[in-house]
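I have a structure I would like to understand better, so I am pasting it below and will then ask my questions one at a time.
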Amino acid sequence: MTDSRPVVTRFAPSPTGYLHIGGARTALFNWLYARGRNGRFLLRIEDTDRARSTPEATAAILKGLEWLGLDWDGEPVSQFEGRARHAEVARAMLANGTAYKCFSTAEEIEAFRDAAKAEGRSTLFLSPWRDADPATHPDAPFVIRLRAPRDGQTVVRDAVQGDVTFGNDQLDDMILLRSDGTPTYMHAVVVDDHDMGVTHVIRGDDHLTNAARQIQIYQAMGWDVPVFAHIPLIHGEDGKKLSKRHGAVGLHEFAAMGYPAAAMRNYLARLGWSHGDDELFDDDQARAWFDLPGIGKAPARLDFKKLEHVSGWHIARMEDDALMAEIAAYLAETGAPALTETQKARLAPALPALKAKAKTLPALLEQGHFALVSRPLAVEDKAAAALDTVSRSILAELTAALQHASWDRDDLEAAAKQIGLSHGLGLGKIAAPLRAALAGRSSTPSVFDMMLALGREETLARLQDQAG
Ligand code: GLU
């Protein structure tokens, strides 16, 4: 349907666990859709199932959204808190005749189903109370059921799936309010979406059948039906529905693997949605480009190679401050200690060289190890092997030569070359002892990148420590 109201989308997780990668993508799609249209993006915690909902799960979901950088408007809405309103709407439906009181007991419903099965009829319950005269109503517990249309069809005009038609004979008179006065999930969702002014419902296609039932409630209340967009679920690399078997499925697991949030936003946006051949983009582009026609009908596959590629692209182009913040979030996620001020001060000048090569944050920190360690450096065995007598004397000579060198790459390189040559050694040969002295390791970034990042004082001190 077309709709001129300002766009309002929502993410409506059930707080029964952590934020799944599929949920994160649903949230992202809703966020992008709203943010690209000056709309509002709301958050509703579907906590009506008291037995399964926990505050810890709510906290984990909020934390996941925050990590991913998806900000929502207003306070999160608790579905449970709205139960009085849900009951009020069910009673309004009683009053307008689109719902009725059903006094059938669980035993009666079971007996109905058994008989239907035995006679080969549909087992969808047909309540005898649908058309009963209220004068005959007993003084007994009742549920409120929707008086669903018996004939015709209910069509979900889905922005992704197209028109999906359900025969009304397949949809029973669903319960809106239980006999204890609590709303059913289906009813609560519709009332909440209406009250929150939701114009677009973007969610997993496991809710497609629910949409047909929900449309019947909208129609019974004479409310505008939102635009529905049911997105195919995410599959693993083997093409099967994503599950724990595939490894990481929680957003926090991706955070712990060191993919920056900016990269996850880009990658998840492409998981089931496309804009031409664009694979790599920033938030501004994503907000400007994201639309419903670009959502595919086929399930998207999680592809770690692509994710690495996207991640590397984002790390390389990230502002240093933003990258530092991503690193801090990564360390916190893995439970590692935060960087000290000294480490931050040493790492910052190294970032330009490091970020050009790293695909993930741990890869960046691995290469940036030299900036994180303090003197006296522990030298790994493999690196120590490069520190023979000749090498140590080269380090001593270099220490002296660099006292007054201007601290730029050309001069550093020239000085190192010259001293190497005086010993008949090329740069390649003297790089190993330099790596050992500057990083305590044999695999490091370029020695000149390290020197430039460490600065004169620290570089000379490290060389001196190993000089003979
Ligand atoms: N609470 C539902 C879920 O977590 C989402 C319902 C909806 O988006 O309408 O799957």
Side-chain angles (χ1 to χ4, degrees), residues 7-34 39-65 68 70 72-73 76-83 86 89 154 156-161 164 166 174 176 182-218 223-234 241-243 249-251 268 272 292 295 299:
V7 167
V8 180
T9 63
R10 50 50 162 199
F11 178 51
S14 304
T16 54
Y18 51 77
L19 183 56
H20 188 273
I21 192 87
R25 181 192 59 164
T26 298
L28 175 72
F29 280 18
N30 281 283
W31 181 79
L32 285 173
Y33 194 78
R40 284 161 54 74
F41 169 62
L42 308 178
L43 184 58
R44 179 172 73 236
I45 306 299
E46 303 215 309
D47 51 358
T48 40
D49 184 342
R50 303 313 282 169
R52 296 183 62 218
S53 303
T54 66
E56 291 74 23
T58 300
I61 291 168
L62 299 193
K63 190 175 156 215
L65 293 174
L68 193 55
L70 306 187
W72 56 90
D73 294 304
V77 170
S78 153
Q79 187 157 67
F80 177 68
E81 296 297 329
R83 59 198 184 284
H86 304 140
V89 172
T154 297
V156 182
R157 301 201 181 288
D158 196 89
V160 175
Q161 315 285 340
V164 185
F166 294 82
M174 75 185 121
L176 306 172
T182 59
T184 56
Y185 164 72
M186 206 69 79
H187 178 60
V189 168
V190 173
V191 174
D192 289 347
D193 280 339
H194 169 76
D195 287 359
M196 291 162 75
V198 171
T199 58
H200 293 73
V201 172
I202 306 169
R203 62 187 176 192
D205 66 7
D206 47 336
H207 289 283
L208 187 59
T209 313
N210 290 350
R213 294 176 160 282
Q214 291 167 357
I215 285 172
Q216 294 188 335
I217 302 178
Y218 281 100
W223 288 342
D224 285 340
V225 177
V227 174
F228 285 109
H230 287 94
I231 52 184
L233 301 182
I234 299 173
K241 197 181 149 213
L242 193 63
S243 74
V249 290
L251 184 66
L268 289 177
L292 302 182
I295 298 175

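Position 1 is the first residue of the sequence; numbering continues from there. Quick note: numbers below take in every heavy atom, side chains included, and nothing from hydrogens, waters or symmetry partners. Both ligands and their constituent atoms are indexed starting at 1 by order of listing.
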Under a 4.0 angstrom heavy-atom cut-off, which atoms of ligand 1 come close to Ser14?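 Counting from 1, the qualifying ligand atoms are 1 (N), 2 (C), 3 (C), 4 (O).
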
Would a distance-only check, ignoring hydrogens and angles, find a side-chain to backbone donor-acceptor pair under 3.5 Å from Asp158 to His230?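 Pair found, side chain donor or acceptor close to backbone of His230.
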
Phe29: what forms a ring-ring contact (aromatic ring centres under 6.0 Å, His included) with it, not counting sequence neighbours?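 Residues passing ring-ring contact (aromatic ring centres under 6.0 Å, His included) with Phe29: Phe290.
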
For Tyr18, enumerate each residue passing the side chain to side chain contact (heavy atoms under 4.5 Å, CB included) test, keeping only those at least two apart in sequence or located in another chain.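 Applying side chain to side chain contact (heavy atoms under 4.5 Å, CB included) to Tyr18 gives Lys244, Val249, His252.
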
Using a strict cut-off of 4.0 Å, indicate which atoms of ligand 1 neighbour a heavy atom of Glu46.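 Listed by number with element, the hits are 1 (N), 2 (C), 5 (C), 6 (C).
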
For the residue pair Tyr218 and Trp223, categorise the inter-ring angle as parallel (less than 30°), tilted (30 to 60°) or perpendicular (more than 60°).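 The arrangement is perpendicular - the two ring planes meet at more than 60°.
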
Who's the nearest protein heavy-atom neighbour of atom 5 (C) of ligand 1, and how far?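 The protein heavy atom lying closest is Ala12 O, 3.3 Å.
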
Identity and distance of the protein heavy atom lying nearest atom 6 (C) of ligand 1: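 Heavy-atom neighbour on the protein nearest atom 6 (C) of ligand 1: Tyr185 OH, 2.8 Å.
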
Can you tell me how the ring of His187 sits relative to the ring of His86, calling it parallel under 30°, perpendicular over 60° and tilted otherwise?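 Because their plane-to-plane angle is over 60°, the rings of His187 and His86 count as perpendicular.
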
Which atoms of ligand 1 are found less than 4.0 Å from any heavy atom of Arg10?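 Contacts of ligand 1 toward Arg10, numbered from 1: 7 (C), 8 (O), 9 (O).
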
Among protein heavy atoms, which sits nearest to atom 10 (O) of ligand 1, and what does the distance come to when rounded to 0.1 Å?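 Its nearest protein heavy-atom neighbour is His207 NE2, 2.9 Å.
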
